[in-house]
Amino acid sequence: MTSAPAPARFRDVPGWFFPADQVLFDWFLTRQHARGERGDLLEIGVYLGKSAIFSGCYLAEGERFTVCDLFDSPAEDRSNSAEMAKSYATLTRRAFEANYLAFHERLPRIVQGLSSLVATEVPDAACRFVHVDASHLYDHVRGDILQARAKLLPYGIVALDDFRAEHCPGVAAATWEAVTSGGLRPVCVTGTKFYGTWGDPEPVRDELLGMLGSRRDLWHEVQSVAGQRLIRIDGKKADAPRHPAALRVDAPAPHPASAAGDGAAERPAHGRSLAGRLAARTLPGTVVRALAGRARR
């Protein structure tokens, strides 16, 4: 079987990681560093690596990124095997690795197998951000949410994919069950992802509302759900943040009118310190200088 060519641009990586969620990943992960909130990253279910490639740009020295996926491994039951065969027939670990290494100099830590392996492979209370995008079956999603709760630090954020997709009722059931009886506190939702925390949601909600109020490309409203504030974001017109740039020196320059395909320019992901990469996102100078100081320590 012939391998697909390495992606030359972020837009070339297949996946369903939309601009509104790119904005929020960028905002949550950058905010955590600005507040001195350190910790590892975890992604459960990576498909071909689009969101993992993006998240990998936000690691600071001493932080670790772990991804978990079945890849080519057999699922543990018929229903999960059927879903894998239907939705991810072309998924292989080799394809993920090739895509990731097109943008990063080294791979994240890869756990190949059932998401239940995360229980022993990732320390409890070690992560500041967990992205769950694996099985759509209720029992599995419920287990993945419990894993996220165990692995997150008190200020950690969990992002749950497909919480409202019509073909994924199990994800919706597990997500809202976690809210109503599992202590998960909602922060915001987009058309595809739910973001929440088991810590205090008020500071992050308030700061997020401040950010949203300064942008014209993201419509939002605040609703009350299960007695808690929930920010609903319509990101159909979202301008994506700058994207990781491929490491290949022979990669063609993106056309100015269609750079990155998602409304964002490509950006170098390497050759800069954390503070340098964040400076490219037009953070206030005080924040960039503070991060630069932490990166040197």
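The first residue of the sequence shown is numbered 1, and numbering continues consecutively from there. FYI, side chains are in, hydrogens and waters are out, and symmetry mates aren't considered; it's all heavy atoms of this structure.
In this view, Phe25 and Phe17, Phe129, His131 satisfy the ring pair (Phe, Tyr, Trp, His ring centres under 6.0 Å) rule, not counting sequence neighbours. Taking Tyr100 as the reference, Phe96, His104 meet the ring pair (Phe, Tyr, Trp, His ring centres under 6.0 Å) condition, with sequence neighbours excluded. Scored by the ring pair (Phe, Tyr, Trp, His ring centres under 6.0 Å) test, Phe163 finds no partners at all (sequence neighbours excluded). The ring pair (Phe, Tyr, Trp, His ring centres under 6.0 Å) check on Trp27 picks up nothing, with sequence neighbours excluded. Annotation: side-chain contact (heavy atoms from CB on, under 4.5 Å) contacts of Asp217 (sequence neighbours excluded): Arg215, Ala238, Asp239. In this structure Glu97 satisfies the side-chain contact (heavy atoms from CB on, under 4.5 Å) test together with Arg93, Leu107, Ile110, sequence neighbours excluded.
Taking Ile, Leu, Val, Met, Phe, Trp and Tyr as hydrophobic and joining them when side-chain heavy atoms fall under 4.5 Å apart, one finds Val111 in a cluster with Leu117.
Sorted by first and then second residue, the salt bridge (Lys or Arg N to Asp or Glu O under 4.0 Å) pairs involving residues 227-237 (not counting sequence neighbours) are Glu202-Arg229, Asp206-Arg229, Glu221-Arg232, Asp234-Lys236. Pairs passing the salt bridge (Lys or Arg N to Asp or Glu O under 4.0 Å) check and including a residue from residues 144-154, sequence neighbours excluded, read Asp124-Lys151. Contacts classified as salt bridge (Lys or Arg N to Asp or Glu O under 4.0 Å) and involving residues 163-184 (residues at least two apart or in different chains) are given here: Arg142-Glu177. The stretch residues 109-120 participates, sequence neighbours left out, in these salt bridge (Lys or Arg N to Asp or Glu O under 4.0 Å) pairs: Arg109-Glu121. The ring-ring contact (aromatic ring centres under 6.0 Å, His included) analysis of residues 168-219, with sequence neighbours excluded, yields the pairs Phe28-Tyr195, Trp176-Phe194.
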